Novice: 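One structure follows; several queries about it will come next.
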Amino acid sequence: MKLITILGATGSIGVNTLDVIARHPDSYRVLALSGHTRLDLLAAQCLAHQPRYAVVGTAEAAATLKAKLSGLPTEVLYGTEALAQIAALPEVDTVMAAIVGAAGLQPALAAVRAGKRVLLANKEALVMAGELFMHEVQANGAILLPVDSEHNAIYQSLPAGYAGNLADVGVAKLLLTASGGPFRTLPLEALEFVTPEQACAHPNWVMGKKISVDSATMMNKGLEVIEARWLFNASAQQIEVVIHPQSVIHSLVQYVDGSVLAQLGNPDMRTPIAHALAYPERIAAGVAPLDLFAIGRLDFHAPDQARFPCLGLAYQALEQGGNAPAVLNAANEIAVASFLEGRLPYRRIADVIAATLDTIAPTVAADLNAVMLADAVARDAATKIVGHWGS
Ligand code: NDP
Ligand code: MG
C-alpha cells in the first residue's frame, strides 16, 4: 500500500489523479490533500478518500472547510508551511505536485528535500528553479517522475535508468509535440479579438485555465522546453518543437542511428499520471484504447513564430539563463491572469513578457531566495506594464 499526498487535489490534474487512485484501492491510499478556492470539491474529496490532512490557503478557508467536514477524522491545516508539511510527512511515499504556477515551487521542493517519489505536474517549478531543483533531487535521493504528457512520453522513450547524459545513450534530439491550441489556424488579424472563453476551449485537452491560455499562446510549450532542459539535461539546441494537431504522439526521442521512438495514446492525463504512479509497473488508468483506424492520419508542422511569439521568448530566457526563466514565468502568470480578468488583450500577453524580460537585468539563480526575489521583482514590473497597456 502506497501512501500519497496530492498538492492541488482540486485542480484538473488532482481530480484525474484521484480518479486513477480510486481504481486501485488496494495499492494506493490518500494521506493528504490540498486545495485553494474550491472548498466544496475539496470537502467532497475528503469525504470520499478520508485523508488524515487537508490543507487550504487561509485561516478563513480552513474554518469553512472544517465546518463542511464535521464528523470526519481529517485534520484541516492552512498556509505555505502546511503544504510543505504534508509534502514531507514521514509516512508518505509519493507526492503529486499539481499546484499551478509559482505557488507550487516550495511545496514541490519540500517533497524533494524529504526524498520522496515526486510526480511533477507543476512545470513552473522547473522553469523557475530548474538547476536548484534538480540538484536537490540528486542530493536527497528523491525520485522525480514527469507527469507533463510530453516529458512523460520522452521519459518512456529514453532508455530505462537514463542517467542525464543524452550523448551517452545515443540521443540526438528531443522532439516536443504541441497541438497548436485553439488558434492554430485563426487568421492573424482575428487574434486581436479573442476572448478568455475562446482561449480556454482547447481542441484536445481539458485543463485548468492558466495552462489552457498558455497552450493558446504556446507559452506552455516554451515552459516545457525549459522543463525538458532540466529534466533530461538537454541543451536548447537539442530540443525541437513540432506542431502535431491530433495530440496522439505525446513526444519523441531521435537517436543518432536514425531511430525515432515515440509514445502515443489518447489525449488523457490519466495515462501519464498512472505511468508515474506505478512506474516501473503498469496499471489501468481508465483510458480508452487508441483507435488508429479512427484517427486515420497524423500531421506535423513547424511552429509559426509570428503567431506564437511566446515560444521564442522562452528560448530567449533559456539562452539568457540565471533568473531569466523565473522572470519569464512570473511575467507570464501576471499577463495571463490579466487576460483572464479581461484587463489585457490576448496579443499583449507576449508584449508584457518581452517588456518585462527587457526591463529586468539578468541575475544569478544562486539560491531559492534569489529565485523568489526575481519572481517578486518580475511580478511588480509586469503589473506596471499591464497598467500601461491594459484596458
Ligand atoms: P488547475 O487550475 O486545474 O488546478 C490548480 C490547483 O492548484 C488547484 O488545486 C488549485 O486549488 C491549486 N492552487 C491554485 N493556486 C494556488 C495557490 N496560490 N496556493 C495553493 N494552491 C493553489 O490546474 P491544472 O490541474 O490544469 O494544472 C496544475 C499544474 O499541472 C500546472 O502547473 C500545469 O501547468 C500542470 N499541467 C497540467 C496539465 C493538465 O492537463 N491540466 C497537463 C500538464 C501539466 P483550487 O482549485 O481549489 O483553487
Ligand atoms: Mg504538456
Side-chain angles (χ1 to χ4, degrees), residues 5-19 32-46 54-58 61-62 64-65 77-84 86-87 96-108 110 118-128 145-155 176-179 181 200 202 204-215 218-228 231 241 244 247 249-251 263 266-273 276 329 332-333 336-337 340 375 379:
T5 286
I6 304 179
L7 302 167
T10 47
S12 164
I13 294 288
V15 166
N16 278 307
T17 304
L18 286 169
D19 180 286
L33 296 174
S34 90
H36 200 59
T37 57
R38 285 175 265 198
L39 301 182
D40 284 336
L41 177 56
L42 185 58
Q45 292 176 338
C46 289
V55 175
V56 290
T58 61
T64 308
L65 184 67
L77 309 170
Y78 67 90
T80 320
E81 283 298 311
L83 288 174
I86 61 167
M96 167 57 83
I99 290 173
V100 62
L105 170 60
Q106 300 201 37
V118 180
L119 317 189
L120 189 69
N122 175 244
K123 64 192 80 183
E124 294 90 346
L126 281 180
V127 173
M128 293 175 70
L145 292 157
V147 169
D148 208 349
S149 58
E150 296 76 4
H151 305 76
N152 185 270
I154 289 170
Y155 192 89
L176 282 183
T177 52
S179 69
C200 289
H202 196 278
N204 305 337
W205 299 94
V206 181
M207 306 179 287
K209 282 190 174 158
K210 190 257 177 184
I211 184 176
S212 295
V213 176
D214 286 350
S215 299
M218 274 188 85
M219 180 53 93
N220 182 49
K221 213 49 53 179
L223 300 179
E224 290 182 358
V225 167
I226 302 173
E227 182 184 13
L231 274 175
V241 172
H244 163 47
S247 299
I249 297 183
H250 298 307
S251 278
Q263 185 258 1
N266 286 320
D268 186 323
M269 287 308 293
R270 290 176 300 177
T271 295
I273 290 168
N329 179 69
N332 181 54
E333 288 191 27
V336 170
L340 284 170
D375 175 78
R379 274 167 206 274

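Counting convention: from 1, in listed order, for ligands and their atoms alike. Predicted model only: the values in this text are computed from it and were never measured.
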Novice: Between the main-chain N or O of T177 and the side-chain N or O of S251, is there a donor-acceptor pair closer than 3.5 Å?
Specialist: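 Yes, because the side chain of S251 sits within donor-acceptor range (under 3.5 Å) of the backbone of T177.
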Novice: Would you say the side-chain atoms of T10 pair up with the backbone N or O of L42, donor to acceptor, closer than 3.5 Å?
Specialist: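 Not at all, since once roles are kept as given, no pair shorter than 3.5 Å links the two residues.
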Novice: Without hydrogens or angle criteria, can the side chains of D214 and N332 be said to hold a donor-acceptor pair below 3.5 Å?
Specialist: yes
Novice: Tell me the residues surrounding ligand 1, counting only those with a heavy atom closer than 4.0 angstrom, sorted by chain and number.
Specialist: G8, A9, T10, G11, S12, I13, G35, H36, T37, R38, A98, I99, V100, A103, A121, N122, K123, E124, D148, M207, G208, I211, M269
Novice: Short question: side chain of N266, backbone of D268 - any donor-acceptor pair under 3.5 Å?
Specialist: no
Novice: Kindly say whether H151 contributes a backbone atom to a donor-acceptor pair with the side chain of D148 at under 3.5 angstrom?
Specialist: no
Novice: Under 3.5 Å, is there a donor-acceptor pair between the side chain of N122 and the main chain of I99?
Specialist: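 Answer holds: yes.
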Novice: In chain order, what residues pass the salt bridge (charged side-chain N to carboxylate O under 4.0 Å, His left out) check against E150, with sequence neighbours excluded?
Specialist: K221
Novice: Pairs under 3.5 angstrom only: tabulate donor-acceptor contacts from the side chains of residues 33-40 to other protein residues two or more places apart or in another chain.
Specialist:
residue : atom : partner : partner atom : Å
S34     : OG   : G8      : N            : 2.9
D40     : OD1  : K68     : NZ           : 2.7

Novice: Can a donor-acceptor pair be found, under 3.5 Å and without considering hydrogens, that links the side chain of Q106 to the backbone of A84?
Specialist: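 No, because the side chain of Q106 does not come within donor-acceptor range (under 3.5 Å) of the backbone of A84.
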Novice: Which atoms of the protein, restricted to N, O or S, are nearer than 2.8 Å to the Mg ion (ligand 2)?
Specialist: D148 OD1, E150 OE1, E224 OE2
